[in-house]
Protein chains: 2
Amino acid sequence: MDTLPRPGLRERKKQRTRDALARAALELFTDKGYERTTVDEITEAVDVSQRTFFRYFAGKEEAAFAVLEMTEAHFLDLVRERPPHESPLEALRRAVLENWDTLNETVESVIPVELHMRTFQLIESTPALLAVHLRRTAELEEKLARLIAEREGLDVDADPRPRVAVAVFSGVMRVTGRLWSTGGDLSVEAIRTLTTAYLDQVGPALTKDWNIQGKRGKGPA
Amino acid sequence: MDTLPRPGLRERKKQRTRDALARAALELFTDKGYERTTVDEITEAVDVSQRTFFRYFAGKEEAAFAVLEMTEAHFLDLVRERPPHESPLEALRRAVLENWDTLNETVESVIPVELHMRTFQLIESTPALLAVHLRRTAELEEKLARLIAEREGLDVDADPRPRVAVAVFSGVMRVTGRLWSTGGDLSVEAIRTLTTAYLDQVGPALTKDWNIQGKRGKGPA
DNA sequence: CGTCAAGTGTCAGTGACTGTCGTTAGCCTC
DNA sequence: GAGGCTAACGACAGTCACTGACACTTGACG
């Protein structure tokens with residue numbers, strides 16, 4: 001909201017190059033696999049030198065997360081905008097759902113949503129990318145914890161609850177993300193449903209006795 | 001419990017080489033940093049060829065987790081041994097604590113415990129290693145979820161609770177691990193205390209209103 | 001012993017990444 | 001609108017992680 005005046009030709013060119021590299025990378029990655037794609041192939045597709053690629057991205061991995069990063073920033077904004085009367089978990093829950101609903105607007109300037117969804121799958125199924133994804137998520141968690149703490153007027157380092165709440169929330173999101181990416185339905189609807197269903201299970205999962213109703217599992221799907 | 005008879009000279013030699021490589025790697029990593037040590041330096045310290053290193057470890061990273069892997073296997077055993085009347089979270093909690101208490105016996109055959117503790121720190125403070133660590137943890141979580149499900153006679157894929165419970169537990173463990181590694185006290189006592197304290201906060205962190213007692217945080221440490 | 005296979009070393013090659021340096025091209029000033 | 005400044009780029013050389021191929025050494029075992 002401060003550099004609107006006009007970025008100047010130089011900046012615009014840079015942005016275009018960066019977007020083109022990210023898009024080309026994502027297309028190649030999702031098409032022939034992450035490991036089987038070389039940086040040279042990406043740069044050839046955009047017609048820049050390899051050196052330029054590494055000026056925009058610290059590594060091959062980073063190109064895979066360029067778009068995801070945009071959605072994460074948006075998510076943080078959504079959390080910030082949540083009314084203060086909501087409990088932390090409630091605020092987080094609504095923010096994620098809202099984030100899914102606005103995915104299109106967040107992403108379409110760089111790549112089609114469909115490609116972004118496939119990127120998700122790619123990350124979950126590529127060990128090297130999954131590792132980086134989890135580390136990035138951990139960093140996001142720290143930011144979230146500080147946000148929640150601020151929201152509740154607490155000191156993150158004095159009160160464990162913000163970090164614990166965020167950890168619980170993120171843990172569940174991880175599970176749903178994984179299940180979604182390996183399941184058949186890659187629609188936004190599918191992950192919305194999974195998200196709410198699993199978040200609803202946090203309470204039950206923490207009770208002492210899981211067998212209140214229907215001992216011996218293998219129940220209906 | 002089945003290959004006790006005597007591993008044979010060949011096997012023993014292999015084990016020695018592998019341990020020596022792991023130990024040398026850990027010493028070098030913790031000493032001069034992960035990125036600043038080359039595979040050649042490790043192999044020179046053990047006096048084997050680089051090729052041999054890669055026959056024992058899929059990559060440089062894997063050498064950093066060789067010992068940690070032993071403790072994880074031990075942890076799984078401990079969970080399996082927990083009496084069935086304990087709730088899932090209770091069983092997990094007791095198993096971790098027990099694991100810390102028996103760390104010495106688990107690890108000392110390869111490296112001194114002190115080096116293992118420094119390895120923990122190293123992993124937390126090295127982005128590349130942290131990423132891999134988190135991925136490995138995710139794999140462990142899946143195993144844990146199946147274990148818990150079995151324990152409770154449930155189907156992991158039908159009932160979300162095993163995975164959710166494990167996710168909650170792991171999330172909290174992550175937080176404590178991180179705080180411990182960045183804090184000053186690297187003793188086993190310290191992480192034990194942190195662990196119990198944070199696990200006790202899961203309940204409170206999920207309640208609607210965090211301000212039951214003492215509005216506006218900044219409470220005592 | 002002699003044979004067989006597992007374990008190892010050597011070498012050549014690929015791909016990710018980095019430092020350096022000369023060149024190009026927006027930008028800004030007069 | 002010519003010229004100087006500097007950000008961005010391309011070209012090149014070098015390091016390091018990792019892999020495949022092949023020849024050699026050495027436990028294992030009849």
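As a basis for the values below, the full set of heavy atoms in this structure was taken, side chains included, without hydrogen atoms, waters or symmetry mates. Letters A, B, ... are given to chains in the order of the sequence lines, protein chains preceding strands, and every chain is numbered from 1.
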Name the one of A:Lys60, A:Arg36, A:Lys32 that satisfies salt bridge (charged side-chain N to carboxylate O under 4.0 Å, His left out) with A:Glu41? A:Lys32

For the side chain of B:Arg51 and the base of C:dG7, is some donor closer than 3.5 Å to an acceptor across the two? no

I need the CD-P distance between B:Gln15 and C:dA6, as an integer number of Å. 18 Å

Between A:Arg10 and A:Phe57, name the one whose nearest nucleotide on DNA chain C is closer to the 5' end. A:Phe57

Between B:Glu11 and B:Tyr34, whichever has its closest DNA chain D nucleotide further toward 5' is B:Tyr34

Rounded to the nearest Å, what distance is computed from the CZ atom of residue A:Arg36 to the P atom of nucleotide C:dG15? 13 Å

Across the strands shown, which category fits B:Phe53 at heavy-atom distances under 4.0 angstrom: base, sugar-phosphate, nothing? nothing

Separation of B:Arg18 atom CZ from C:dA6 atom C1', in whole Å? 17 Å

CD of B:Glu41 versus P of D:dA17: gap in Å, rounded? 8 Å

Categorize A:Thr43 for me: base, sugar-phosphate, or nothing, with a 4.0 angstrom heavy-atom threshold over every strand shown. nothing

Length of the CG-C1' vector between A:Leu129 and C:dA16, whole Å: 14 Å

Before accepting this row, confirm whether a basic side-chain N of the pair B:Arg146/B:Glu150 lies closer than 4.0 Å to the acidic partner's carboxylate O. no

Check the angle between the aromatic planes of A:Phe120 and A:Trp100 and answer parallel, tilted or perpendicular using the 30° and 60° thresholds. tilted

Is the phosphate of D:dA8 approached by A:Thr17 (side-chain N or O, under 4.0 Å from OP1 or OP2)? no

Taking only side-chain nitrogens and oxygens of B:Lys13, does any of them come within less than 4.0 Å of OP1 or OP2 of D:dG27? yes

With DNA chain D as reference, determine whether B:Gly8 or B:Phe54 sits nearer its 5' end, using the nearest nucleotide of each. B:Phe54

Have A:Asp185 and A:Ser187 got a donor and an acceptor in their side chains that come within less than 3.5 Å? yes

N/O (side chain, B:Tyr56) to phosphate O (OP1/OP2, C:dT8) under 4.0 Å: yes

So does B:Arg12 reach the base of D:dG27 with its side chain, donor to acceptor, closer than 3.5 Å? no

One thing to verify: whether A:Arg23 and A:Glu27 come together as a salt bridge, which I'm taking to mean a side-chain N less than 4.0 angstrom from a carboxylate O. no

In this structure, how many angstroms lie between the P atom of D:dA7 and the CG atom of A:Leu9, rounded? 16 Å

Separation of atom CG in A:Asp47 from atom C1' in C:dT24, rounded to whole Å: 15 Å

Can you check the A:Lys60 NZ to D:dC18 C1' distance for me, whole Å? 13 Å

Taking the minimum atom-to-atom distance to the side chain of B:Lys14, which one of D:dC9, C:dG7, D:dA17 wins? C:dG7

